[in-house]
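One structure below.
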Amino acid sequence: MSEIKLLALDLDGTLLGTDSRVSKENAHALHLAQQAGVQVALCTGRNLTETRAFNAQLDASADWALVANGAAVLRFSDGAQISFDGLDRAMCETVLEVCAQFGVDPCLYTAKNLYYGHEFLLFLQEIRRRGRVSLDEAAEGYEFIADAAQWRNVLEREDGRVAKAILHHLDPAVVDQMTQALDRTGLFELAPSVMFGGELKNVEINRKGVHKGRALRQLAAHLGFGMDAVMAVGDSDNDLTMLQMAGLGVAMANAAPHIRAAADAVTLDNASNGVAAAVKQYILEGQA
């Protein structure tokens, strides 16, 4: 295995514990990895505003942010954008057309803002009822959109800046139907997120060909090395590409069986500081 120069970490279900926070053990392990000369990239479906909040929980700032499933790559120190490959206006219009077919509204992410509607509020209420910590939809950077006319205003205002979309529904079967409708367009990269053993589901929507693995490869090239020098850790479908493309792909024990099968190795679960265990095994000890 090549020397690891870049550590790519998913957030939810990976770096974050079941309380949706970075544990002291994980934060300390990342700091030790950086001291050993490894750069750290936080790779998430979230936007930059949310990612910065989790970055603040680390002992030292991560070096890079790959947000919206790789639609944008930014440097934490100065906010410099290395790449952006979001949804264009026509793609956003197509997403709204599918929403209209199923009587739902979308979530649209820019690097800084999240626009959400009624369906997302229902989804948040349900996961809170089930005991899971969720984001604060009233925080800065989140804007509620009440009706179709307002969504058109968002598309006008944020034209060229929409990084990704997510569709929610409390019935997983409806999410599957929406995913199939989106897939038939041939325009999108689709990553379902399954929660509570399949009782809840949503689908994340990126431009075709945009995913975490692609963004990670772009970042590695920018830094002057190949994917063989990258270690990636994740737990979900939107992590599959980076686990498969990295020189070392490490799945969390809490990942679904097909995610674990696609990885080179499996670490502990996110309730047991699996990231810290992987950093210790493959970076601190593996490269000592």
Side-chain angles (χ1 to χ4, degrees), residues 1-17 19-67 69-70 72-83 111 212-213 215-235 239 242-243 245-252 263-270 272-288:
M1 185 177 69
S2 299
E3 179 186 2
I4 295 169
K5 299 178 180 179
L6 177 64
L7 173 61
L9 298 168
D10 171 54
L11 289 180
D12 296 277
T14 301
L15 182 60
L16 306 184
D19 60 354
S20 294
R21 292 188 59 83
V22 180
S23 70
K24 292 180 179 179
E25 292 84 356
N26 282 347
H28 183 60
L30 296 193
H31 193 200
L32 293 177
Q34 288 174 303
Q35 290 180 325
V38 176
Q39 296 192 53
V40 172
L42 302 184
C43 306
T44 176
R46 295 174 181 265
N47 65 11
L48 184 61
T49 300
E50 294 175 329
T51 305
R52 285 192 186 280
F54 294 112
N55 186 54
Q57 297 175 20
L58 301 180
D59 289 357
S61 173
D63 302 282
W64 302 95
L66 279 67
V67 299
N69 291 334
V73 180
L74 306 103
R75 187 165 50 214
F76 270 119
S77 61
D78 59 5
Q81 186 169 278
I82 305 304
S83 65
K212 290 184 181 183
L216 204 53
R217 184 173 58 198
Q218 290 175 327
L219 176 57
H222 175 79
L223 296 173
F225 48 80
M227 289 294 283
D228 57 333
V230 177
M231 172 177 160
V233 189
D235 76 302
D239 301 318
M242 72 174 187
L243 294 179
M245 293 170 64
L248 177 62
V250 181
M252 303 295 291
D264 300 303
V266 178
T267 187
L268 302 176
D269 63 34
N270 67 320
S272 306
N273 304 308
V275 166
V279 168
K280 179 180 179 182
Q281 181 174 358
Y282 299 111
I283 296 178
L284 303 181
E285 294 177 353
Q287 298 186 170

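Residues: numbered from 1 along the sequence shown. Reckoned from all heavy atoms, side chains included, excluding hydrogens, waters and symmetry mates.
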Is there a side-chain contact between [X] and [Y], using heavy atoms and a 4.5 Å cut-off?
X      : Y      : answer
Asp264 : Val250 : no
Val40  : Leu9   : yes
Leu48  : Leu74  : yes
Met242 : Val233 : no

Closest non-hydrogen atom pair between [X] and [Y], with its separation:
X      : Y      : result
Ala232 : Leu243 : O-CD2, 3.5 Å
Met231 : Val279 : CE-N, 4.3 Å
Leu66  : Ala41  : CD1-CB, 4.0 Å

Are any side-chain N or O atoms of [X] and backbone N or O atoms of [Y], one a donor and one an acceptor, separated by less than 3.5 Å?
X      : Y      : result
Asn26  : Leu15  : yes
Thr51  : Asn47  : yes
Lys212 : Cys43  : yes
Thr44  : Arg46  : yes
Asn55  : Ala62  : yes
Asp228 : Gly247 : no

Return the [atom1] to [atom2] distance between [X] and [Y], rounded to the nearest 0.5 Å.
X      : Y      : atom1 : atom2 : answer
Thr14  : Asn270 : OG1   : CG    : 7.0 Å
Tyr282 : Leu7   : OH    : CG    : 13.0 Å
Glu25  : Lys280 : CD    : NZ    : 12.0 Å
Thr267 : Met252 : OG1   : CE    : 6.0 Å
Leu42  : Ser61  : CG    : OG    : 8.0 Å
Leu16  : Gln57  : CG    : CD    : 7.0 Å

Could you go step by step and tell me if Gln39 and Lys5 meet the side chain to side chain contact (heavy atoms under 4.5 Å, CB included) rule? CA-CA 6 Å; Gln39 296 192 53; Lys5 299 178 180 179; over 6 Å; no

Can you name the residues that form a side chain to side chain contact (heavy atoms under 4.5 Å, CB included) with His31, not counting sequence neighbours? Gln34, Gln35, Asp59, Ala60

Salt bridge check, Arg75 against Asp63: does any charged N sit closer than 4.0 Å to a carboxylate O?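 Between Arg75 and Asp63 there is no salt bridge, as every charged N stays at least 4.0 Å from the carboxylate O atoms.
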
Could you go through Asn273 and Ser23, starting from their C-alpha distance and side-chain angles, then the distance that decides it, and tell me whether this counts as side-chain hydrogen bond (donor to acceptor under 3.5 Å, both in side chains)? CA-CA 7 Å; Asn273 304 308; Ser23 70; 2.7 Å; yes

Decide side chain to side chain contact (heavy atoms under 4.5 Å, CB included) for Trp64 and Leu219; before the verdict, give the C-alpha distance in whole Å, the side-chain angles of both, and the deciding distance to 0.1 Å. CA-CA 9 Å; Trp64 302 95; Leu219 176 57; 3.6 Å; yes

Stepwise, does the side chain to side chain contact (heavy atoms under 4.5 Å, CB included) test hold for Arg52 with Phe76? CA-CA 8 Å; Arg52 285 192 186 280; Phe76 270 119; 3.9 Å; yes

Any chance you could lay out the side chain to side chain contact (heavy atoms under 4.5 Å, CB included) test for Met227 and Leu216, step after step, and finish with the verdict? CA-CA 8 Å; Met227 289 294 283; Leu216 204 53; 4.1 Å; yes

